[in-house]
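Below is one structure, written out as structure tokens; comments come after it.
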Number of protein chains: 2
Amino acid sequence: MRENIYDNDRFFQKYSEMNRSKEGLRGAGEWPALRQMLPDFLGKRVLDLGCGYGWHCKYAADHGAARVLGVDISQKMLETACRINADAKITYQRCAMEDLALPDASFDVVLSSLAFHYCADFPALAANIHRWLAPGGAFVFSVEHPVFTAYGSQDWQYGPDGEIQHFPVDRYFYEGVRDAVFLGEHVTKYHRTLTTYLQTLLAGGFALQQVVEPQPPADMLHLPGMRDELRRPMMLLVAARKPV
Amino acid sequence: MRENIYDNDRFFQKYSEMNRSKEGLRGAGEWPALRQMLPDFLGKRVLDLGCGYGWHCKYAADHGAARVLGVDISQKMLETACRINADAKITYQRCAMEDLALPDASFDVVLSSLAFHYCADFPALAANIHRWLAPGGAFVFSVEHPVFTAYGSQDWQYGPDGEIQHFPVDRYFYEGVRDAVFLGEHVTKYHRTLTTYLQTLLAGGFALQQVVEPQPPADMLHLPGMRDELRRPMMLLVAARKPV
């Protein structure tokens, strides 16, 4: 069974109230960092794995992509995408990214935003992505940072008065399933090390172009909890290229 | 003043009793991972920054290097290196790595083992290394992992009965000086993020070849505390290349 918490009514309702859901890319703290890692979309064939509401698909379409395929396992996410981020150049398809079958060299850009930590087998998926990309193609993704996923609960360590003491890391080299709490619901995520993410790409024939842990932008530091994100790395952004 | 705890008598005495000091490369948990990242040394000109006892210099000399320059700021380390790892092909030089001046393209391989976290300005040093390397040259180094240096104390979080609970991460995006306790002595180290290490290399013209967080080898897991090193990443190993 592929992980699909987003079709849980209660979870989806809470998710829809997050800044990144209501405001789109503007509401996502990592967007300024991710945007400067994206390739030129002009005339490109773009695949978005775990497209959610379709914000990145729409961004690619608005920036000249020839066609965009957004793939997600969640029916609810795709219904919202079709409503708020529809575009003649975008096709939304319901499929688990692990089950996707596409022709070799059929895309110039593969994107994925905060989806791979739901995927049990990253090396298998990365090998597929390498096949799906044309030579010279770009692969840009964000994931929850291994520091953020290692312990499991994804919560701070609190002191006796409820104040944040630090962020706990444990079981770092024990990769696999974690029972995380996200928006008050239990969600299965997969922890893997930085080594696994990067070595999988390097050994799989990708050239690394950028590896960035995004910091909250200065103009979002006033938002609740945002300044605390300077205390731990929560996300990892990677830009890679399939050599020509 | 460049960081040089190793010329402190008490610290040096304790350091000399560590496995990695008594047994050399065999006694270093990260050596199996680092060794497989090293280039072919045959006929190469090799620079080792923060060479310590000279174990890596000797390894390069024993594996065919044409000449090896080992640089360290510590007089005591170099005296030991000259005693236990002398070789006609090796020159040991006392200098802070930040102050080193070398001709452009004068080395084929630059190594550094667990030294850069003592360096205040990694980007400046990396730019020098890029200049010192000939085209096609290899740059392989280990550092303390950003997860290990972020909080500062470099110690576990313990429970009421002295048991390890987890490893604390804090101040991750606040780069700079940390007051670490190592072998019971206060040592100034510099925390920087994974982003800074890798983006500095990528932006500086290096191609990344390997990024590895070493796990303790199976045959060392019986040593005191070694199994706990599966709970946190303590080191980061990087292999990069200056393109031809």
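Heavy-atom basis, side chains included; hydrogens, waters and symmetry copies ignored. So you know, we letter chains A, B, ... as the sequences are listed, proteins then strands, and number each from 1.
- Heavy-atom proximity under 4.5 angstrom to chain A picks out nothing from residues 115-137 of chain B.
- Looking at every heavy atom in both residues, Glu213(B) comes nearest to Thr195(A) through OE1-OG1, 2.6 Å.
- Atoms CZ and CZ, on Arg227(B) and Phe173(A) in that order, are 14.0 Å from each other to the nearest 0.5 Å.
- Each of Asp228(B), Leu236(B), Val147(B), Val212(B) has some count of heavy-atom pairs under 4.5 Å with chain A, and the biggest count is that of Val212(B).
- Interface residue Leu198(B): only side-chain heavy atoms are found under 4.5 Å from chain A.
- With sequence neighbours excluded, the residues that form a side chain to side chain donor-acceptor pair (under 3.5 Å) with Glu185(B) are Arg10(B), Lys14(B).
- Here side chain to side chain donor-acceptor pair (under 3.5 Å) pairs that include residues 235-244 of chain A, with residues two or more places apart or in two chains, are Gln209(A)-Arg241(A).
- Applying the ring pair (Phe, Tyr, Trp, His ring centres under 6.0 Å) rule to Phe11(B) yields the partners Tyr6(B), Phe182(B); only residues at least two apart in sequence or on another chain are considered.
- For the set Gln210(B), Glu229(B), Arg232(B), the entry with the most heavy-atom pairs within less than 4.5 Å of chain A is Gln210(B).
- Here the straight-line distance linking atom CZ of Arg231(B) with atom OH of Tyr151(A) works out to 9.0 Å at 0.5 Å rounding.
- Heavy atoms closer than 4.5 Å to chain A are found in the backbone of Pro214(B), but not in its side chain.
- Summarising the geometry, atom CG belonging to Leu208(B) is positioned 15.0 Å from atom CZ belonging to Phe206(A); distances are rounded to the nearest 0.5 Å.
- In this structure, CD on Gln157(A) lies 4.0 Å from NE2 on His166(B), to the nearest 0.5 angstrom.
- Heavy-atom pairs under 4.5 Å with chain A were tallied for Ile164(B), Leu194(B), Thr193(B); the largest tally goes to Leu194(B).
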